[in-house]
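Working notes for the structure below.
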Amino acid sequence: MTEERIARINELAKKSREVGLTDAEKAEQAALRAEYIRGYTQNLRAQLDNTYIVDEQGNKQKLKKKKN
């Protein structure tokens, strides 16, 4: 996500607190927030996919997904 999009999210949040948003602005805000969350989640998953745990013997083990 670009700095301009993050700035727009912050701008809409400030306007929402001060004045209120039109329906078009609310839709834009929701879309931008969804994009931000999607990007954040993808980055976190990529980081966790490249994380290893080292035990006492020095063996590396990749993190496993938790089963429900």
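Legend: residues meeting salt bridge (charged side-chain N to carboxylate O under 4.0 Å, His left out) with Lys26, ordered by chain and number and at least two apart, are absent.
One hydrophobic cluster, built from ILVMFWY side chains closer than 4.5 Å, cannot hold both Val19 and Leu32; they sit in different ones. Residues Leu63 and Leu44 share a single hydrophobic cluster, defined by chaining ILVMFWY side chains whose heavy atoms lie under 4.5 Å apart.
In this structure, CD on Gln42 lies 11.5 Å from CG on Asp49, to the nearest 0.5 angstrom. Remark: Tyr52 OH to Asn59 CG distance equals 13.5 Å, nearest 0.5 Å.
For residues 55-68, no residue pair satisfies the salt bridge (Lys or Arg N to Asp or Glu O under 4.0 Å) rule, not counting sequence neighbours. Applying the salt bridge (Lys or Arg N to Asp or Glu O under 4.0 Å) rule to pairs touching residues 27-38 yields Arg5-Glu35, Arg8-Glu28, sequence neighbours excluded.
For the residue pair Leu12 and Leu21, the shortest heavy atom distance occurs at O-CD2, 3.7 Å.
Side chains of Ile6 and Thr2 form no contact here, defined as non-hydrogen atoms less than 4.5 Å apart. Gln29 has its side chain out of reach of Glu25: every pair of non-hydrogen atoms, C-beta onward, lies at least 4.5 Å apart. At a threshold of 4.5 Å between non-hydrogen side-chain atoms, the residues Met1 and Ile9 count as touching.
The number of heavy-atom neighbours closer than 6.0 Å to CD of Gln47, taken from other residues, nucleotides and ligands shown, is 12 or below.
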